[in-house]
Protein chains: 4
Amino acid sequence: MAKEKSTRKAGRPRSQAAQQAVLDAANKIMLTEGLGRLSIERVAAEAGVGKPTIYRNWANAHELAMAALMQEPVDPFRSPGGSAKQRLQAHLKSVLKTFSTSRGRQITLTLASAEQESELAKAFRNQVILQSRAFGHKLIEQAIAEGAVNPAVDIEAALDALYGPIFFRLLVGHLQVDESLAGTLVDMLFSGIEPSGKHSDSPPPTEQ
Amino acid sequence: MAKEKSTRKAGRPRSQAAQQAVLDAANKIMLTEGLGRLSIERVAAEAGVGKPTIYRNWANAHELAMAALMQEPVDPFRSPGGSAKQRLQAHLKSVLKTFSTSRGRQITLTLASAEQESELAKAFRNQVILQSRAFGHKLIEQAIAEGAVNPAVDIEAALDALYGPIFFRLLVGHLQVDESLAGTLVDMLFSGIEPSGKHSDSPPPTEQ
Amino acid sequence: MAKEKSTRKAGRPRSQAAQQAVLDAANKIMLTEGLGRLSIERVAAEAGVGKPTIYRNWANAHELAMAALMQEPVDPFRSPGGSAKQRLQAHLKSVLKTFSTSRGRQITLTLASAEQESELAKAFRNQVILQSRAFGHKLIEQAIAEGAVNPAVDIEAALDALYGPIFFRLLVGHLQVDESLAGTLVDMLFSGIEPSGKHSDSPPPTEQ
Amino acid sequence: MAKEKSTRKAGRPRSQAAQQAVLDAANKIMLTEGLGRLSIERVAAEAGVGKPTIYRNWANAHELAMAALMQEPVDPFRSPGGSAKQRLQAHLKSVLKTFSTSRGRQITLTLASAEQESELAKAFRNQVILQSRAFGHKLIEQAIAEGAVNPAVDIEAALDALYGPIFFRLLVGHLQVDESLAGTLVDMLFSGIEPSGKHSDSPPPTEQ
DNA sequence: ATATAAACGAGACGGTACGTCCCGTCTTTCG
DNA sequence: CGAAAGACGGGACGTACCGTCTCGTTTATAT
C-alpha cells in the first residue's frame with residue numbers, strides 16, 4: 001500500500017500495470033459515482049494513463065465497464081448442506097445479496113444496455129449471470145437425482161422462474177427485495193399454487 | 001370582485017402541439033435508430049422546435065425517452081375466455097409479444113437506467129409494466145375465486161414468477177423467447193416441479 | 001367646440017411609469033455591472049415589466065442603453081469668469097471629470113458600437129457629446145470676439161484638438177487622464193509648439 | 001542545432017495551421033459582415049475547426065477579434081522626405097487612411113470594448129495604435145532636433161492633439177474625415193490659434 | 001354604461017450562440 | 001519501440017437571451 005503511491009519509478013514497463021490501473025479506476029468510479037459518470041477521459045486521468053492505452057484494449061466505455069465489472073468474481077456460490085430445496089434457497093439468497101447492491105444494479109444496467117451480440121457482452125453475461133445460473137442448474141439436477149423434483153420438468157424454465165423474479169424486482173423496483181424472497185420462490189416453485197389435493201379443473205394440456 | 005375563475009396561470013400557455021411533435025420525433029428516432037441515438041439536439045431539429053422548449057418540459061434525454069415511450073399504450077391486455085389458467089396464459093402471451101420487439105427492448109433499457117425515485121420514472125414503471133401486471137393480479141384473484149388457485153398463495157410473488165422470467169430472458173438473452181414460454185411458465189407455476197403425489201394426491205401428470 | 005379629439009388614440013395609454021422603471025433598471029445595471037451585462041431580459045425582470053413593453057419603446061438593447069444614458073444630463077457646462085483661455089480650461093476640466101468615470105466609459109463604448117446612422121444614435125451623440133462641444137464652440141467664438149484667437153482659425157478643428165485627446169486617452173488608455181490635461185491642451189493649442197517668435201517657413205535640411 | 005531539450009512540453013503540439021485558419025476566418029467575417037457577426041460558432045464552422053480548439057487559444061470572441069485584427073500590420077508608417085512638419089503630415093495622412101476604412105472602424109470598436117487591463121488588450125493597443133504613435137514620437141523628436149519645435153513642449157500631449165481628433169471624429173461621426181485634416185491639424189498645432197505675433201495674455205474683456 | 005382597443009405582466013415560442021465535456025483519432029516526446 | 005501527454009475535428013450538453021407571439025388583465029376613450 002505504501003509503495004502504491006510511487007508508481008512513477010521512471011521506467012518503461014507499465015503495460016500490464018496500466019491495464020490493471022484502468023480497470024481499478026473504472027471500478028472505483030462506477031462504485032462511487034455510478035455507471036453514468038464513467039468516461040474514458042476520467043478513467044484515463046484517474047488511472048494516470050493515456051487515452052490511447054485504453055482504446056488499445058477496449059473499444060468503448062461500455063466494454064470497459066463490462067471488463068471492470070468482470071474483474072471481481074460475482075459470487076462464491078454458497079452451497080451448504082441440507083435438502084435440495086434448502087441448498088437451492090441458500091444459493092438464491094447469495095444471488096439476492098449480491099445483486100441488491102450498488103454494484104449489482106450497475107451490472108444489471110450494463111447488461112441491459114449491452115450490444116447483445118458482441119463477444120465481450122456474451123462473456124460478461126456468462127461470467128456474471130450465467131455462471132451463477134449454471135450452479136443453480138446443477139442443484140436442480142441433484143434435486144432430480146434425489147427424487148425431489150419431477151424429472152420431466154423444464155429445467156431452464158424452472159431456473160428462470162427463480163432468477164427472473166429477483167432481477168425483475170430489482171429492475172422495476174415495484175417491490176422491495178430481501179432474502180426471504182428466496183424461500184418464497186423456492187416453495188412456490190416446488191409446490192405450485194394450485195389448491196392442495198386438486199388437479200387442474202381441466203385436463204393438463206399436454207399439447208401446446 | 002368575482003375573479004375566482006382565474007386558476008389559470010399568467011403568460012402564454014405551453015404549446016401542446018410542440019410537445020406532441022417532440023414526443024413523436026423522439027419515438028421515431030428511438031424506433032428507427034435506437035435509444036442510444038436519442039439526443040435533445042436531434043429531437044429539437046426533427047421536431048422543428050427549440051431546445052429550451054424541450055428542456056422546459058423534460059429535464060434530460062432520459063425523461064424525454066420515458067415520456068415518449070409512455071405515449072402509446074403498451075398493451076391491450078387481451079383476456080379471452082377460458083379457464084383461469086388459459087386467460088393467464090393469453091395475457092402473458094400478449095406481454096411476451098409486446099416486449100420482444102425493438103420497442104420492448106428500449107423500454108427495458110430505459111427502465112433499467114432510470115433514476116429509480118424520480119416521479120416520472122415511477123409513472124413510467126407504473127404505466128408500462130405495472131399496469132399490465134395489475135391486470136395479471138386481477139386474473140389471479142379470479143382464479144382464486146374460481147377455486148383454481150390456493151387462496152393462501154403470495155400473489156405478488158406468483159406474479160413476479162410469471163413476469164420475471166420473461167424480462168430476465170429478454171435482458172440477459174441467454175435463451176430465446178417465444179410465446180410458448182407463457183404456457184410453460186403457467187403450467188409450472190400452477191403445478192409446481194415436485195414429483196406428483198408428493199404434495200397432492202393427483203395422478204401423475206402426463207409427461208411429454 | 002373644437003374639442004381636441006382625434007389625435008388621441010383609443011386604448012390604454014403607455015405607462016410612463018413603466019418606461020421610467022425600465023430606464024432606471026438599465027442605468028442601474030450598466031452602473032453596477034457594465035454595459036456588457038445589459039440584457040432586455042434582465043432589465044424586464046428588474047424593472048418588473050414585460051419584455052414586449054420594452055420592445056414597444058426601443059428596438060434593441062443598444063437603443064435602450066443609449067436612451068438610459070441620455071436620461072441624466074451629462075454636464076452642467078461650468079463656465080466661471082476669467083479670460084477666454086481660462087473659461088475654456090474650466091469647461092474642459094468638467095468634460096474630463098464627467099468622462100473619466102465608469103459612466104463616461106460606458107458612454108464612450110456605447111457610442112463606439114452604435115449604428116452610426118440611426119436616429120437615436122444621432123440624438124445620443126448630439127446630447128452627450130456635441131451639446132458639450134457646442135458650448136466649447138461658443139467659448140471659442142467669444143475668444144475670437146475678444147481678440148484672443150485668430151479669426152481665421154478652423155474652429156471645428158480647434159475643438160476636436162481639445163476634445164479629441166481626452167477621448168483618445170480614455171479609449172486607448174495609454175496615458176492617465178487628470179484635470180491638468182485641460183490646461184496643457186489649451187496652452188498648447190493657443191501658443192503652438194514652434195519655438196517662440198517663430199512662425200514657419202524656414203525649411204531645415206531635409207535629410208531622413 | 002540547438003535542440004531544445006526538456007523545455008518542450010509533452011503531447012501533441014498545437015496546430016499552427018488550425019490557428020491560422022481560425023484567424024483568417026475571423027478576419028473574413030469581420031471584413032465582410034462586421035464585428036457584430038463574429039461568433040465562435042461561425043468561425044469554427046468556416047475555419048473547419050472544432051470550437052474547443054478556438055477556446056484553447058482565446059478566451060472569448062473578443063480576444064479572438066483582437067488577435068485577428070493584429071494579424072496584419074496596421075500601417076507602413078510612410079515617411080517621405082520634406083520638413084518635419086511635412087513628414088508629420090504625411091504620417092498622419094497614412095493613419096487617417098488606415099482608420100477611415102471598415103477595418104479601422106472595427107479596430108476602434110474592438111479597442112473601445114476591450115477589457116482594459118488584459119494582456120491581449122494591451123498588446124492590441126500597442127500594436128495597432130501605439131506603434132504608430134511611437135513613430136510620430138520619433139518625428140517630433142526629430143523636429144525638436146531640427147529646431148522646428150520648442151524643446152519644452154509636452155510631446156505626449158502634442159501627439160494626442162494630433163491623433164486624438166482623428167479618432168474622435170471617427171468615433172463620434174460628427175464631421176467627415178479626409179486627408180486634408182492632417183494638414184489642418186499639424187498647422188494649427190505648430191502655430192497655435194492665437195493672433196499672429198501675440199504671445200501674451202492680455203484679455204480685453206468684452207461683454208459676456 | 002358599455003364596448004372597443006391598446007398597453008400591461010407574464011411567460012412560452014423557434015432560434016442562435018454560448019462555453020464545457022467527452023468522444024475517438026492523431027501527433028509528438030521521452031524512457 | 002510503447003506509452004504518457006495532449007491537441008485535434010466533431011457532437012451534444014444545458015443555459016442565457018434574442019425578438020416574437022399569445023394569454024388574461026387593466027385602463028381609457030368612443031360610443
Side-chain angles (χ1 to χ4, degrees), chain A residues 8-15 17-18 38-42 44-45 47-56 59-61, chain B residues 3 5-6 8-15 17-19 37-45 47-57 59-61, chain C residues 5-6 8-15 17-19 37-45 47-57 59-61, chain D residues 4-6 8-15 17-19 37-45 47-57 59-61:
Chain A
R8 323 182 59 82
K9 284 185 181 175
R12 305 172 233 168
R14 192 86 197 256
S15 77
L38 185 75
S39 74
I40 299 288
E41 208 126 295
R42 270 202 65 182
V49 141
K51 284 201 290 173
T53 300
I54 298 180
Y55 282 107
R56 221 170 273 128
N60 50 51
Chain B
K3 51 180 283 188
K5 180 100 182 265
S6 63
R8 182 79 157 70
K9 288 269 202 78
R12 179 173 174 176
R14 301 203 174 173
S15 156
Q19 299 191 29
R37 311 284 279 195
L38 185 74
S39 76
I40 298 287
E41 207 124 296
R42 267 200 68 184
V43 171
V49 142
K51 282 200 290 172
T53 296
I54 299 180
Y55 283 108
R56 223 171 270 127
N57 291 284
N60 48 53
Chain C
K5 45 182 176 183
S6 62
R8 186 68 161 84
K9 293 243 202 90
R12 177 176 175 173
R14 297 201 179 176
S15 156
Q19 300 192 28
R37 310 283 284 185
L38 186 74
S39 73
I40 298 288
E41 208 125 296
R42 268 202 65 184
V43 171
V49 141
K51 284 201 290 172
T53 298
I54 298 180
Y55 282 107
R56 224 170 270 127
N57 293 283
N60 50 51
Chain D
E4 63 252 282
K5 20 187 175 182
S6 59
R8 184 73 159 78
K9 289 268 204 76
R12 177 175 176 174
R14 299 205 176 172
S15 157
Q19 300 192 30
R37 311 283 280 195
L38 185 74
S39 75
I40 299 288
E41 207 125 294
R42 266 201 68 183
V43 171
V49 142
K51 281 201 290 175
T53 297
I54 298 181
Y55 282 107
R56 223 171 269 126
N57 291 286
N60 49 53

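We name chains A, B, ... by the order of the sequence lines, and we start the count at 1 in each one.
- Between A:Glu41 atom CD and E:dT20 atom C1' there is a gap of 11 Å when expressed in whole angstrom units.
- Counting to the nearest Å, the C1' atom of F:dA16 and the CG atom of C:Leu38 are 14 Å from each other.
- As a whole-Å value, the separation of B:Arg14 CZ from E:dG11 P is 10 Å.
- Under the salt bridge (charged side-chain N to carboxylate O under 4.0 Å, His left out) criterion, D:Arg42 pairs with D:Glu33, D:Glu46, sequence neighbours left out.
- Along DNA chain E, the nucleotide nearest A:Ala61 and the nucleotide nearest B:Thr53 are compared for position; the residue whose nucleotide lies closer to the 5' end is B:Thr53.
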Nucleotide pairing, DNA chain E (Watson-Crick or G-U, distances under 3.5 Å), in dot-bracket with [ ] and |: |||||||||||||||||||||||||||||||
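- Shortest non-hydrogen contact noted between A:Asn60 and A:Ile40 is C-CD1, 4.2 Å.
- Residue-to-nucleotide contacts include no donor-acceptor pair under 3.5 Å from the side chain of B:Arg12 to the base of E:dC13.
- Distance, C:Tyr55 OH to E:dC8 P: 15 Å, rounded to whole Å.
- DNA chain F is contacted by both D:Ala47 and C:Asn60; D:Ala47 maps to the nucleotide lying nearer its 5′ end (nearest heavy atom per residue).
- At whole-Å resolution of the value, CD1 in A:Ile54 and C1' in F:dG2 are 16 Å apart.
- Across all strands shown, D:Arg56 has heavy atoms under 4.0 Å from base atoms, whether or not it also approaches the sugar-phosphate.
- Nearest approach of C:Val49 to C:Ala18, heavy atoms of both residues: CG2-CB, 4.0 Å.
- Between C:Asn57 atom CG and F:dG19 atom P the separation is 15 Å, expressed in whole Å.
- Across C:Gly50 and C:Ala44, no two heavy atoms sit closer than the pair C-CB, 4.3 Å.
- The distance from atom CD1 of A:Ile40 to atom P of F:dG10 is 22 Å, rounded to the nearest whole Å.
- Comparing B:Val49 and C:Gln19 against DNA chain E, the residue whose closest nucleotide sits nearer the 5' end is C:Gln19.
- Among the protein residues, B:Ala18 comes within range of the sugar-phosphate backbone only, with heavy atoms under 4.0 Å from sugar or phosphate atoms but none that close to a base.
- Nearest-nucleotide assignment on DNA chain F puts the 5′-proximal partner with B:Arg37, out of C:Lys51 and B:Arg37.
- The main-chain N or O of B:Arg56 is found under 3.5 Å from a side-chain atom of B:Arg14 such that the two form a donor-acceptor pair.
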